[in-house]
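Comments concern the structure below.
What you see below is based on every heavy atom in this structure, not just the backbone, and it leaves out hydrogens, waters and symmetry mates. Naming convention: chains lettered A, B, ... in sequence-line order (proteins, then strands); numbering from 1 in each chain.
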4 protein chains.
Amino acid sequence: MEKSDGTASISHDSLLSALPNNVTESTPASAGQTIARSTKREDILQAAKHLFARSGYHFTGISDIIKRAGIARGTFYLYFKSKKAVFDELVEDVLFRVIDSAKPVIPGEPPDMDAVIRQVRINIAHALGALLSDRNLAKLLVSQAEGLDHDTENKLREFYGALTDWLAESLTEGQELGIVRPGNSRLMAIAAIGMLRGMIWAWAVGEEDIDIHEAVEELAAIAVEGILMRSRGGIQ
Amino acid sequence: MEKSDGTASISHDSLLSALPNNVTESTPASAGQTIARSTKREDILQAAKHLFARSGYHFTGISDIIKRAGIARGTFYLYFKSKKAVFDELVEDVLFRVIDSAKPVIPGEPPDMDAVIRQVRINIAHALGALLSDRNLAKLLVSQAEGLDHDTENKLREFYGALTDWLAESLTEGQELGIVRPGNSRLMAIAAIGMLRGMIWAWAVGEEDIDIHEAVEELAAIAVEGILMRSRGGIQ
Amino acid sequence: MEKSDGTASISHDSLLSALPNNVTESTPASAGQTIARSTKREDILQAAKHLFARSGYHFTGISDIIKRAGIARGTFYLYFKSKKAVFDELVEDVLFRVIDSAKPVIPGEPPDMDAVIRQVRINIAHALGALLSDRNLAKLLVSQAEGLDHDTENKLREFYGALTDWLAESLTEGQELGIVRPGNSRLMAIAAIGMLRGMIWAWAVGEEDIDIHEAVEELAAIAVEGILMRSRGGIQ
Amino acid sequence: MEKSDGTASISHDSLLSALPNNVTESTPASAGQTIARSTKREDILQAAKHLFARSGYHFTGISDIIKRAGIARGTFYLYFKSKKAVFDELVEDVLFRVIDSAKPVIPGEPPDMDAVIRQVRINIAHALGALLSDRNLAKLLVSQAEGLDHDTENKLREFYGALTDWLAESLTEGQELGIVRPGNSRLMAIAAIGMLRGMIWAWAVGEEDIDIHEAVEELAAIAVEGILMRSRGGIQ
DNA sequence: GATGAATGAGTGTTCATTCAT
DNA sequence: AATGAATGAACACTCATTCAT
C-alpha cells in the first residue's frame, strides 16, 4: 500500500473483513429504552465466558450459564438463539480486540530502524495486551475455539489467514524498504504469529507467570536479533 | 548438565517422563501368533484419527468410527475400553513422536557456532518432520486435544511444560557457554516452541502449503538472526 | 420394654429406623403452589409399579414406563434421577406401610388372654390389609425386590431383620408374662412372619383368591393355638 | 385318596407333574462314552449356581460363568442353549429336591396322634433338609427365581400351587380323620408352606444362624399345637 | 468337541431447545 | 419480557449369542 505522501504503511482494514459480521454493534435492538440497557445479555456473556474458559465449551451446559447469570432457562433464548451463538460472539469479541490492536508500521523516509523497532514493540504490546487483559477470553481463543466445529474452525482459519496475509505483506514491503531481513516473508509471518500465540497460550493455559513488559522486550529482541549468538555475520 | 568430558549436552529423559505410560508397546497380548497381527485395532485408530481430525472429538460418534473402520459396534469395545481411550492413545502417539525427535545439542569444545546451528537445524527438522508426516495427527495435537476433559488438558499442559523446561534449560546452558544470546531464556523457549506450533498449525489447520525444508531454513534463520534487519549492533 | 406402670408394650420405633430416610414427605419442593399438585410424579410411580409388578424390574424399560405414564423421555428424569430411584421409592413405600401397621400389643394387668388375642388379630389384619390393598405393591415386596442390587437386598434384609427382631422381642416378653408358649422365640417370629409373607405371596403372585377376613381368622387361630400358651397340654 | 386297605395317604405323584419336564434325566445325549462323563456340564451348573446365588441372575454374566467354570465362551453354548437354560435347570433341581422330600403321612387305623406327629416332623425335616443342604440352591429359589420372567414365575406358581394343593388336600383328609383342626385347610396349607419358606429365607438370605433340628422342633410344635387337633379347647 | 473374535439389538441417561403460561 | 416444565433426538456403552476356524 503506497500512500500518496510517499510513505508506505499497512492498513488493517483488510483484517476487519475477516470477521463475518461487524462486531461493533452486537447489542440487540431494544429500541425504546435509552437508559438502563438490558444488562441480561451482558450477564449471559460474562457467565458463559467464565464457564467456557474454566470447563470448556462442551462441558458447560445451558444450565450452568443461566445459573451463573441468574436468569431463567427461557430467558436465555430471548437473547441468544443458541449456546453456540454465545460462544461465537465471545470469539468474535477476542478476534476483534486483536485486530483492533494491529497498527501499521510506518518506516519513515529514509527508513529509521530505531523508529521501526519502537513501533514493532508497540504493536506487540498491543496484541499481547489485548488478550492478556482478559485471561478467560484468551483461554477461549487459544484452547476452546479450536476443534469445535467447522464454522468456528473456518472463522479462526480466516482470521489467522488474514492476520498472516497482512503481516506477510507488511514484511514483504519491509524487505523492499530494507528494514526486514530477506527470506520467505510468509513463513516469517507464521513464525511471528506463532510466537505471540505461544506466549498467550503459556500464560492462559499453561498458567506461566508472564510479565507482559518482559515478554514484549523478549519478543522484540528475538525479532531483531534472533535467539542464538552470532560469531560474526549471519547464517551460513 | 555438565558432562565429565567437559562438553555439555541436554538429555531428553525428563521429557519422556511427561508421558503417563510408555506408549511403545500398546498392542494387546495375543502372544501365540506371530503373523497376521490384528489389523482391526489399527483400523480403529486410523478411522478415529481421521474423524477426530476432521470433525473433532465431540462431533465424532462411535457410530462414525465403526462405520469407517468397517466393524461392528461391539467389536470397537473389544479393542478399546472407551472412545476416550482411542483419543488418548492417539494423543500419546503424537506426543511420543515429538519427544522422540528432540535430541540434545552438543556445542563441542571450544563451542563451534557452525556445528551448533547445524544441530539446531536438525532438531527443528526432526520436530517438524515428526508431525508433518501425518496431517491428522498434527491436527489432533494442535487443535483437538484442548477443550477436552481436564485429564487430557493436564497431559498436554505437562507435555508443553516439560518441553518448555527442557528448552529453557538448554538455552540457559547455552548462555553460559556463550552460544545463546542473553535474555529471559524461559520466554525464549516459549517463543521458540510457539514458532514451531505456529508452523504446524498453519500447515495442519490453516492448510498452508508449507515446504518442510524451507520452513526449517526460515526457523533456523530466525533463531540465528531474528526477523528485522539490524543497522548495526543489537537492540538499543 | 418395661413401662413404669407395670404394663409391657413394644414400641415400633426401632422398626422405623429400618427405612433409610423418612418416606412420608418425598414430594419435591414446589413451595408456592397450593393446588394442582404435579400429577406427573404420581403417574410415573403408578406406571412403574404396574410394570415392575407385571414384568419385573429388569424387563421394564424406561421406554415402557414413559409410554404408560404418557410422558416424554426427558420428563421422566425431571421427577426421578434414575429408574432405580422409582423402584426404591416404591419399595420404601411398601415397607413403610407394613411398618406403620405394626402396633404394640399391651397385655394389661393381669394379662387378659382375650384382649391379647384381639390385639394380635388386629395386628395381623393391619399387616395384611396394608399390602392386600395394592396387589402390585405387594408383588413388588414379595417377589421383585429380591435379586436386585446389593443395596436393595440389604434394605430388605434390614427390614425383615428389624421386623423379626421386634417380633422376637415381643414374643420373649410375652413368654415372661406367660402369654406366649415357651420355645425359641426367634424361630417363632421367623415362622410367624413367614406365614404372613406366604399369605401375601399366594395372593399377589399365586393369584389365590383370598378373603382377608378369613385369612386373618385362620392366621389368628394358628397363632393363638400354636404360639400362645394354653391352659394345659402342649407338645408331647 | 382312599387306599384299598382303608388307610388314607397322600401320594406326591401329583407334585411331580408340576415340573415341566422330568428333571431326572437332564444329562446331554453323549451316547457313545460310558465312563468319564462330560464334567463340563456339571462345572457350568456349579459355577452358575454359585454366581447366581451371590450376585443374582441379572448381574451374573456369561463371562463370569465361563471364567469360573474354566471353559471357553463357545463351549458354554455346547451344553446349554442360553443363560436362562442354566438357571432353569438349577431351579428345577431345587424344586425336585423339595418335591422328592415330601412323603405321605399315613395316620394308621385307628389314627395314632403320636405317629402322625412323628411323620409330620420327618416331613418338615426332609423339606428343610433338602434346601438347607445347599445354601446357594436355597438362595436361588427364594430370592432369585421370583420376579425373573413370566416363564419362571409360572413355573414357581405352578410348583407352589401344586404343593399347596397337595398339602391342603392332605389337611382336608386329616380333618375328616379327626387329626387336623377344623378350618380353611387351604389357608392352613398356605400358612404352613409360608412358615417353611420363611425359615429358608431367613437362613439363606437373612443369614440367620439357624439350627436345623431346633427349627424342625419349633415348626413341628407350631404345627402340632396350632394345626392339629387337641383333646379339648381350640380357638375361643 | 472346543474356541474366542465378532456381532448388533438394546439400555439408561443427557441436554439444547421449545412453548404455553 | 420472563418463566421453567416438557421435549425427544442423540449418545456411549453392554452382553447374550453366533460361527468360522
When the distance from CD1 of Ile71(B) to C1' of dC13(F) is rounded to whole Å, what number comes out?
14 Å

Along DNA chain F (nearest heavy atom to each residue), the more 5'-positioned of Lys84(B) and Gly70(C)
Gly70(C)

Separation of atom CG in Leu148(D) from atom C1' in dA16(F), rounded to whole Å
14 Å

Roughly how far, to the nearest 0.5 Å, is CD of Gln144(D) from OG1 of Thr152(D)?
11.5 Å

Whole-Å gap separating P (dG1(E)) and CZ (Arg41(D)):
12 Å

Of the options dT13(E), dT17(F), dT3(E), whose atoms approach the side-chain atoms of Ser82(D) most closely?
dT17(F)

Between His150(D) (side chain) and Arg54(C) (backbone), is there a donor-acceptor pair under 3.5 Å?
yes

Establish, with yes or no, whether the OP1 or OP2 oxygen of dA5(F) is under 4.0 angstrom from a side-chain nitrogen or oxygen of Lys40(C).
no

Quick one: pull up CD1 in Ile71(C) and OH in Tyr79(C) and give me the separation to the nearest 0.5 Å.
8.0 Å

Between P on dT17(E) and CG on Leu78(C), what's the gap in Å once rounded to a whole number?
18 Å

Identify the two heavy atoms, one from Asp149(B) and one from Phe59(A), that lie closest to each other, and give their separation to 0.1 Å.
N-CE1, 3.8 Å

Within the sub-3.5 Å range, which N or O atoms of nucleotides 18-21 of chain F have a protein N or O partner, and how far apart are they?
none

Rounded interatomic separation in angstrom, taking CZ from Phe80(C) and P from dT14(E)
15 Å

Count the heavy atoms of every other residue, nucleotide or ligand shown that sit under 6.0 Å from NZ of Lys84(D), and state whether that count exceeds 12.
yes

With respect to the phosphate group of dA6(E), does any side-chain polar atom (N or O) of Tyr79(B) fall under 4.0 Å of OP1 or OP2?
yes

Quick check for you: to the nearest 0.5 Å, what is the distance between Thr39(C) atom OG1 and Ile44(C) atom CD1?
10.0 Å

Convert the base pairs of DNA chain E into dot-bracket notation, remembering that pairs crossing earlier ones are written with [ ] and that bases paired across to another strand are shown as |; include only Watson-Crick or G-U pairs under 3.5 Å.
.||||||||||||||||||||

Please state how far atom CG in Asp149(C) lies from atom P in dG12(E), giving the value in whole angstrom units.
14 Å

Mapping Lys83(C) and Phe76(B) to their closest nucleotides on DNA chain E, which lands nearer the 5' end?
Phe76(B)

Taking every non-hydrogen atom, the tightest pair across Lys139(A) and Val205(A)
CG-CG2, 4.2 Å

What is the distance, rounded to the nearest whole Å, between atom CG of Leu51(D) and atom C1' of dA16(F)?
16 Å

Flag the pair Lys49(B) and Asp93(B) as a salt bridge only when some basic side-chain nitrogen lies within less than 4.0 angstrom of an acidic carboxylate oxygen.
no

Inter-residue atom distance Leu51(A).CG - Arg68(A).CZ, 0.5 Å rounding:
5.5 Å

Give me the ring orientation class for Phe52(C) and Phe87(C): parallel if the planes are under 30° apart, tilted from 30 to 60°, perpendicular past 60°.
perpendicular

Is there a donor-acceptor pair under 3.5 Å between the side chain of Asp64(B) and the backbone N or O of Gly61(B)?
yes

Close residues, residues 58-67 of chain B, relative to DNA chain F [heavy-atom separation under 4.0 Å]:
Thr60(B), Gly61(B), Ile62(B)

Nearest whole Å is fine: how far is dG12(E) C1' from Phe52(C) CZ?
12 Å

Does Lys83(D) count as lying over the ring of Tyr57(D), i.e. NZ or CZ under 6.0 Å from the six-ring centre, within 45 degrees of the axis?
yes

